[in-house]
Amino acid sequence: MQRGRVVTKSRIIYPGIHILIGLTCLLGSFMPLFGQKQGPPFLDERFSPWADSVLATMSQEEKIAQLIMIPAYSNKDQVHVDSISNLVKKYGVGGIIFFQGGPVRQAHMINRFQQESKIPLMISLDGEWGLRMRLDSTVRYPYQMALGGIEEEELLYEMGVEVARQAKRAGIHVNFAPVVDINNNPGNPVIGFRSFGEDKENVTRKSLAYMKGMQDQGILASAKHFPGHGDTDVDSHYGLPVLHFSKQRLEEIELYPFRKLMDQGLGSVMVAHMQIPVFDETPNLASTLSKPIVTGLLKEEMGFEGLIFTDALNMQGVAKYYPPGVVDAKALLAGNDMMLNTMDVPATIREVKKVLEMGEISAEEIDRRVLKVLMAKAWLGLDDFKPVETEHLMADLTNSEAEFLSRKLTESSLTLLRNRDNLLPIKGLENVKMASLSLGTSEITDFQRGLERYNPMPHFTFPKSGNLDSLERLKQELSDYPLLFIGLHGLGIREGNNQYGISPEMVVLIRTLMEDHAVVISVFGNVYSLGKIPGLEKADGLIAAYQETPLTQDLASQMIFGGIGAKGKLPVAINSHFGLGDGLQTRAGFRMAYTQPEGVGINSSYLDGIDSLMDLAIRKKAIPGGQVLIAKEGKVFYHKAFGYHTYDSLQEVRLDDLYDLASVTKISTSLAAFMHLKGLNKFDENETLGTYLPAARGTNKKHLKYRDILTHQARLRAWIPFWMSTVRKNGRFKWFTMKSDSSRRFPIRVADNLYIHRNYNRKIYKEILTSPLNEEPGYVYSDLSFILAPRVIEAITGEDFYSYLERNLYKPLGAGTLTFNPYQEYPLDRIVPTEVDTAFRKQLLHGTVHDEGAAMLGGISGHAGLFGTSNDVAKLMHLYLYDGSYAKQQLIAPGVVHAYSKCVFCEDGNYRGMGFDRPNRPGDPNGNAAASAPVSSFGHSGFTGIYTWIDPESELVYVFLSNRVYPTRENRTIYQLNVRTNIMEEVYRAMEKTVK
């Protein structure tokens with residue numbers, strides 16, 4: 001039987017009720033929210049035959065039991081499981097509501113109970129923000145308050161569809177969602193963050209989209225908590241709230257979303273435990289047990305024909321006044337169809353039989369209720385029940401599409417409330433010192449790690465227990481940083497008695513810091529907590545994230561630096577400073593964003609081959625580990641670390657580890673500086689080496705043109721083994737070259753316990769300048785000109801080589817890990833070692849450059865010596881991808897990168913650009929680039945196992961970092977496996993599958 005598809009309208013006879021039916025569309029054509037009026041989807045004549053046939057076989061006790069839904073937990077012991085089983089077998093209850101547990105164990109329980117049940121059970125769950133509300137290891141969607149801040153209702157429809165898919169896969173039929181309560185009481189102790197907000201129209205639109213998404217996919221939605229729990233100050237779990245409102249007020253506000261959803265085919269309603277004197281003045285009588293409310297208001301006046309569930313009957317709003325069994329019978333008499341959380345099944349059956357015998361309810365009325373439940377079961381597919389397939393259940397529930405939907409929803413909800421002078425996204429990284437501070441925790445947070453991706457900064461914390469003394473110390477430590485990013489963490493989900501966990505010291509610290517610093521505050525918690533920090537409206541930047549998850553912290557950090565834009569709107573008014581609908585907008589794409597493959601239109605599963613290739617490379621010992629980063633259109637969609645620093649498997653590779661970039665140094669330092677100078681008219685590739693380097697003017701290198709030098713056809717020798725001239729025949733170093741201890745004459749560190757003479761660099765430069773040129777012209781890849789490049793750049797600029805790069809490129813990019821001699825700044829456990837050098841330095845090279853020549857120059861050269869992370873290399877590559885522009889800064893003049901990355905001498909058989917490598921055999925899987933990489937693509941590789949490539953046509957940036965030379969450079973397995981280019985080919989295949 002097909003379900004969830006459009007059918008023709010039909011008027012059918014259902015015991016005493018005339019229903020107009022019209023089902024909604026499938027996902028793919030999101031219909032206007034307020035369309036033609038529809039009835040509950042299960043009240044269709046198609047479902048009557050099965051329901052009638054089942055009803056005819058049932059005893060009176062079985063009919064009563066069919067209206068009972070009992071609680072179950074999949075995280076309890078076997079005694080609990082067996083007790084539920086006994087109730088199912090002995091009494092034939094109609095359904096089960098599951099609470100905390102795990103999906104697989106719950107599925108096994110469902111299968112057992114369904115097998116034991118004479119009539120298939122209706123399985124339900126509270127999944128307001130998805131199955132994760134009750135089931136661990138599943139996808140978590142934002143709280144409804146956060147969803148209320150989203151402008152696009154289509155996203156909530158998608159969420160409804162996806163939640164329904166997951167529910168069906170897990171054997172669940174009813175989701176007690178959406179919450180349609182209008183939270184117009186900020187002090188509400190039970191709803192609050194569970195509501196879409198305080199505006200009835202917004203709440204209705206969001207609820208309707210969520211409802212339609214679920215019901216279009218065959219899962220029964222349930223609007224709650226009728227007639228509206230949003231303006232209460234008592235939690236009905238612990239007491240009975242009283243609503244002293246007029247009928248007009250209730251009609252205009254609380255009942256509004258219920259009516260709208262009912263008009264559009266709402267399948268079920270959950271009735272709340274509240275006393276509402278305007279409808280029923282009976283003392284201490286909850287609405288759940290009130291016939292005037294359930295039957296009079298909901299069924300007769302409002303005409304609701306769907307299923308009516310009570311709220312949990314073990315809640316103190318009703319349980320403190322009536323014992324189990326009695327409360328259930330009263331709920332049934334009030335007009336409810338299913339009694340939720342019945343705590344004593346036999347007592348309930350006895351009590352209902354009593355009221356039947358007393359004539360308080362008729363057998364015909366019981367039949368009508370049971371028939372409605374059975375028709376709903378038929379619509380849910382229980383007329384053809386199939387067990388839950390537990391194989392691959394977890395993978396099916398947590399697929400990448402579901403996770404990406406959560407990301408989209410979260411991103412769209414983040415609300416920017418202050419942005420003084422358009423501070424966000426942060427601009428001009430080179431001009432300001434910044435730091436981060438996490439309040440409410442003593443641990444570095446995901447928020448701070450997210451900020452670190454964009455720019456290096458110190459990170460501070462201030463726990464909830466922090467006192468005034470620690471506050472003063474922290475203020476002093478922060479005094480040198482004009483710009484601060486503050487995250488509020490560990491906030492209570494409800495206000496309670498402690499202001500959401502915001503301590504007086506935290507308030508004092510925030511207010512004090514705002515006086516002396518530019519402060520951007522991100523609040524990871526209940527949005528109402530914004531009103532608990534006096535002066536918060538004076539923040540230079542303020543982001544409401546609604547809740548604290550790794551994802552909200554990730555995305556907030558991206559918003560601050562412009563990876564994503566701000567779109568959300570406040571769904572509630574906080575105070576006079578933060579009003580309903582407030583929310584500023586910023587544009588995305590200012591800097592690199594971090595997303596999933598789905599964020600660039602690629603299914604994550606299409607990239608499984610990359611993981612396999614890396615696993616193969618590690619298994620075959622081509623590399624101990626590595627980092628892989630791939631970005632498309634400025635979005636990093638794949639960024640993973642694999643393996644270990646070395647084969648002893650002691651130190652796992654992390655994404656913030658630094659690798660020796662080897663020859664990628666050429667395009668990251670020398671070439672970068674040349675291109676920058678080109679834009680300033682201080683460098684011209686048509687000029688000669690002698691033009692820029694005075695020391696070359698009396699040598700055979702004087703007339704070498706840079707166009708030839710950068711394309712490696714200037715007749716320069718490939719390399720010179722400088723280190724060999726430092727060693728005697730007996731293997732010892734010559735006395736005037738190296739020493740094991742540093743001194744005034746030997747201050748330059750080559751490796752651990754190895755220092756070179758302070759003037760030895762002169763010998764290296766002289767040897768290059770006096771070396772003979774190759775007799776034959778043509779392409780010969782050479783390091784020599786790049787070794788001279790720092791001297792050339794210093795001669796042009798009068799500035800230290802690295803200082804020039806840092807000031808003009810690395811700092812504006814936020815690429816702080818691009819550095820020489822990383823041992824000076826970073827702990828060794830963040831620096832991946834390279835080779836065990838048995839010839840020259842006689843040690844494991846860890847923190848010092850692998851290349852011998854660069855090492856003899858003190859670790860700083862233009863051909864090798866740079867270290868960095870894949871993330872920071874990618875920033876520089878994006879600068880090249882976008883022709884010298886990044887974060888709206890034109891760091892290299894327009895057209896320069898484009899010109900230098902083009903093939904210059906293709907007609908002569910030289911495929912290289914000026915400094916950049918290009919495909920040497922386009923289309924050949926054994927070439928230096930992926931077979932599918934276009935001729936226009938460019939990049940470079942490095943001897944230590946490094947590779948980076950740019951495809952301007954597909955807007956791809958690819959960075960591969962490894963230490964394939966560990967423990968020896970003789971290991972060439974990485975080349976035999978073609979790991980680096982094959983990984984990029986996997987991306988092209990994934991893109992091709994996506995297009996198809």
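All values below were derived from every heavy atom in this structure, side-chain atoms included, with hydrogens, water molecules and symmetry-related copies excluded.
- With sequence neighbours excluded, the residues satisfying ring-ring contact (aromatic ring centres under 6.0 Å, His included) with Tyr958 are Tyr947.
- Looking at every heavy atom in both residues, Lys567 comes nearest to Glu411 through NZ-OE2, 4.4 Å.
- Rounded to the nearest 0.5 Å, atoms CZ (Arg969) and CG (Asn971) are 12.5 Å apart.
- Looking only at atom types and distance, the side chain of Ser604 has a donor-acceptor partner in the side chain of Glu598 under 3.5 Å away.
- The shortest side-chain heavy-atom distance between Ser861 and Asp851 does not fall under the 4.5 Å cut-off.
- When only modelled atom types and interatomic distance are considered, Tyr826 and Asp657 share no side-chain donor-acceptor pair under 3.5 Å.
- Using a distance-only test at 3.5 Å, with no hydrogens or angles considered, no donor-acceptor pair links the side chain of Asp660 to the main chain of Val849.
- Note that OG1 of Thr552 and CG of Leu414 are 7.5 Å apart. Values are rounded to the nearest 0.5 Å.
- Here the rule is salt bridge (charged side-chain N to carboxylate O under 4.0 Å, His left out) with Lys408, and of Glu401, Glu158, Glu152 only Glu158 fits it.
- When ring centroids are compared, Phe938 and Tyr880 stay outside the 6.0 Å threshold.
- Within the structure, the disulfide bond (SG atoms under 2.5 Å apart) test picks out the following pairs touching residues 898-940 (sequence neighbours left out): Cys903-Cys906.
- For residues 606-629, no pair satisfies ring-ring contact (aromatic ring centres under 6.0 Å, His included), with sequence neighbours left out.
- For the pair Ser885 and Gln889, the minimum side-chain heavy-atom distance is 4.5 Å or more.
- Residues Leu607 and Phe637 form a side-chain contact, since some pair of their non-hydrogen atoms from C-beta on lies under 4.5 Å apart.
- Considering NZ of Lys682 and CD1 of Ile793, their distance stands at 12.5 Å, rounded to 0.5 Å.
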Take Thr819 and Glu825, measure what side-chain hydrogen bond (donor to acceptor under 3.5 Å, both in side chains) needs, and give me the verdict at the end. CA-CA 9 Å; Thr819 187; Glu825 300 179 57; 3.1 Å; yes
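- Side-chain contact between His940 and Arg912: present, with at least one pair of heavy atoms (C-beta onward) separated by less than 4.5 Å.
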Does Asp656 form a salt bridge (Lys or Arg N to Asp or Glu O under 4.0 Å) with Arg449? I'd like the steps, not just the answer. CA-CA 10 Å; Asp656 62 354; Arg449 282 185 279 271; over 6 Å; no
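- With sequence neighbours excluded, no residue forms a ring-ring contact (aromatic ring centres under 6.0 Å, His included) with Tyr975.
- Residues Pro919 and Ser937 are in side-chain contact: their nearest non-hydrogen atoms beyond the backbone lie under 4.5 Å apart.
- Considering every non-hydrogen atom in both Gly625 and Asn963, the closest pair reads O-OD1, 4.0 Å.
- Using cut-offs of 30° and 60° on the angle between ring planes, the pair His712 and Tyr779 is perpendicular.
- Residues passing the salt bridge (charged side-chain N to carboxylate O under 4.0 Å, His left out) test with Asp783 are Lys666, sequence neighbours excluded.
- Using a 4.5 Å heavy-atom threshold, the side chains of Ser670 and His863 count as separate.
- The aromatic rings of Tyr647 and Tyr966 sit tilted, their planes meeting at an angle between 30° and 60°.
- For residues 948-958, no residue pair satisfies the salt bridge (Lys or Arg N to Asp or Glu O under 4.0 Å) rule, not counting sequence neighbours.
- A 6.0 Å sphere centred on NZ of Lys705 holds no more than 12 heavy atoms belonging to other residues, nucleotides or ligands.
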Before you tell me yes or no, could you show the steps for Arg989 and Glu992 under salt bridge (Lys or Arg N to Asp or Glu O under 4.0 Å), namely the whole-Å CA-CA distance, both residues' side-chain angles and the distance that decides it to 0.1 Å? CA-CA 5 Å; Arg989 290 174 184 169; Glu992 185 178 357; over 6 Å; no
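- With sequence neighbours excluded, the residues that form a side chain to side chain contact (heavy atoms under 4.5 Å, CB included) with Glu907 are Phe905.
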Going by atom type alone, with no hydrogens or angles, which donor-acceptor pairs under 3.5 Å involve a side-chain atom of residues 893-901 and a protein atom two or more places apart or on another chain?
{"residue": "Tyr900", "atom": "OH", "partner": "Glu685", "partner atom": "OE1", "Å": "2.7"}
{"residue": "Ser901", "atom": "OG", "partner": "Val897", "partner atom": "O", "Å": "3.0"}
{"residue": "Ser901", "atom": "OG", "partner": "His898", "partner atom": "O", "Å": "3.1"}

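- Annotation: side chain of Thr981 is not in contact with side chain of Trp949 (no heavy-atom distance under 4.5 Å).
- Here the CE-CG distance, from Met914 to Asp708, works out to 10.5 Å after rounding to the nearest 0.5 Å.
- Taking the six-membered ring for Trp and thresholds of 30 and 60 degrees, Tyr886 and His878 have ring planes inclined between 30 and 60 degrees apart.
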Please output the side-chain donor-acceptor pairs of residues 865-875 that fall under 3.5 Å, not counting sequence neighbours, one pair per line with the distance.
{"residue": "Thr869", "atom": "OG1", "partner": "Thr817", "partner atom": "OG1", "Å": "3.3"}
{"residue": "Thr869", "atom": "OG1", "partner": "Asp872", "partner atom": "N", "Å": "3.2"}
{"residue": "Ser870", "atom": "OG", "partner": "Gln627", "partner atom": "OE1", "Å": "2.7"}
{"residue": "Ser870", "atom": "OG", "partner": "His639", "partner atom": "NE2", "Å": "2.9"}
{"residue": "Asn871", "atom": "OD1", "partner": "Tyr594", "partner atom": "OH", "Å": "2.6"}
{"residue": "Asn871", "atom": "ND2", "partner": "Arg453", "partner atom": "O", "Å": "2.8"}
{"residue": "Asn871", "atom": "ND2", "partner": "Tyr594", "partner atom": "OH", "Å": "3.4"}
{"residue": "Asp872", "atom": "OD1", "partner": "Lys875", "partner atom": "NZ", "Å": "3.0"}
{"residue": "Asp872", "atom": "OD2", "partner": "Gly816", "partner atom": "N", "Å": "3.2"}
{"residue": "Asp872", "atom": "OD2", "partner": "Thr817", "partner atom": "N", "Å": "2.8"}
{"residue": "Asp872", "atom": "OD2", "partner": "Thr817", "partner atom": "OG1", "Å": "2.6"}
{"residue": "Lys875", "atom": "NZ", "partner": "Arg453", "partner atom": "O", "Å": "2.6"}
{"residue": "Lys875", "atom": "NZ", "partner": "Tyr454", "partner atom": "O", "Å": "3.3"}
{"residue": "Lys875", "atom": "NZ", "partner": "Gly814", "partner atom": "O", "Å": "2.7"}

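- Once rounded to the nearest 0.5 Å, the distance linking CZ of Arg918 with OG of Ser936 reads 7.0 Å.
- In this view, Asp615 satisfies the salt bridge (charged side-chain N to carboxylate O under 4.0 Å, His left out) rule with no residue, not counting sequence neighbours.
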Set out, in order, the CA-CA distance, both residues' side-chain angles and the distance that settles side-chain hydrogen bond (donor to acceptor under 3.5 Å, both in side chains) for Asn926 and Asn978, then state yes or no. CA-CA 7 Å; Asn926 295 313; Asn978 278 343; 3.1 Å; yes
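- Using modelled atom types, one finds no donor on one side chain facing an acceptor on the other under 3.5 Å when comparing Asn910 with Asp908.
- Using modelled atom types, one side-chain atom of Thr994 and one backbone atom of Gly601 make a donor-acceptor pair closer than 3.5 Å.
- Shown here are the salt bridge (charged side-chain N to carboxylate O under 4.0 Å, His left out) partners of Glu799, two or more places apart in sequence or in another chain: Arg807.
- For the atom pair Asp883 CG and Gln890 CD, the distance stands at 6.5 Å (nearest 0.5 Å).
- Listed by chain and residue number, Asp554 satisfy the salt bridge (charged side-chain N to carboxylate O under 4.0 Å, His left out) test with Arg407 (two or more places apart in sequence, or in another chain).
- Side chain of His846 to main chain of Leu828: a donor-acceptor pair is present (N/O by atom type, distance under 3.5 Å, no hydrogens or angles).
- Contact of the Tyr911 side chain with the Asp917 side chain is registered, since non-hydrogen atoms from C-beta on lie closer than 4.5 Å.
- Here the side chain of Arg964 pairs a donor or acceptor atom with the backbone of Phe943 at under 3.5 angstrom.
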